[in-house]
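Take a look at the structure below.
The shown structure was predicted, so the numbers you read here are calculated from the model rather than taken from an experiment.
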Amino acid sequence: VDVANARERILAINGMIAQLCFDESYVFCDYYNAMKDGKGGIVQTYANDGLHPNGTGYAVMQPLVLDAIKKTLEN
C-alpha cells in the first residue's frame with residue numbers, strides 16, 4: 001500500500017469535505033481526528049497496513065457514524 005503523503009492528502013480531502021458539509025448544512029463524520037496518532041497517521045492498532053481500518057478501527061468508527069446518523073435524522 002502506497003501511503004506516501006497520506007496524511008497531507010487525508011487532511012486536504014477532509015478539509016474539502018468538512019467545508020462542503022458546512023456550506024450545505026450536512027453532518028460531517030470525522031473519523032480522522034478520532035483515529036490519528038501523535039504523528040498524524042492512524043493509530044497502529046486501528047489499521048494493519050497503516051491506512052485501512054481493521055476490526056478495532058471500525059469499533060472506534062462505529063459510535064461516530066451512529067452519532068452522525070442520529071444528528072442527520074434529527075435535522
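V65 and L73 fall within the same hydrophobic cluster, where Ile, Leu, Val, Met, Phe, Trp and Tyr residues are linked whenever their side-chain heavy atoms come under 4.5 Å apart, directly or through other members. I69 and M61 fall within the same hydrophobic cluster, defined by Ile, Leu, Val, Met, Phe, Trp and Tyr side-chain heavy atoms under 4.5 Å apart, directly or through other members. Y32 and L51 fall within the same hydrophobic cluster, defined by Ile, Leu, Val, Met, Phe, Trp and Tyr side-chain heavy atoms under 4.5 Å apart, directly or through other members.
The shortest side-chain heavy-atom distance between Y58 and P53 falls under the 4.5 Å cut-off. Here the side chains of L66 and K70 are not in contact, with every heavy-atom distance at 4.5 Å or above. Contact of the P63 side chain with the D67 side chain is not registered, since no non-hydrogen atoms from C-beta on lie closer than 4.5 Å.
Here the straight-line distance linking atom CD1 of I13 with atom CD1 of I10 works out to 7.5 Å at 0.5 Å rounding. With values rounded to the nearest 0.5 angstrom, F28 atom CZ is found 4.5 Å from N14 atom CG. Rounding to the nearest 0.5 Å places OG1 of T72 at 9.0 Å from CD of E74. A distance of 8.5 Å separates CE in M35 from OG1 in T45, rounded to the nearest 0.5 Å.
Contact between V43 and K36 at its shortest, heavy atoms only, is CG2-O, 3.6 Å. Of all the heavy atoms in C21 and V27, the pair that sits closest is SG-O, 3.8 Å. Considering every non-hydrogen atom in both D30 and L64, the closest pair reads O-CD1, 3.9 Å.
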Worked check of side chain to side chain contact (heavy atoms under 4.5 Å, CB included) between Q19 and D23:
CA-CA 6 Å; Q19 186 63 52; D23 293 345; 2.7 Å; yes
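By the 6.0 Å contact criterion, CD on Q44 is open, its count of non-hydrogen atoms from other residues, nucleotides or ligands being 12 or less.
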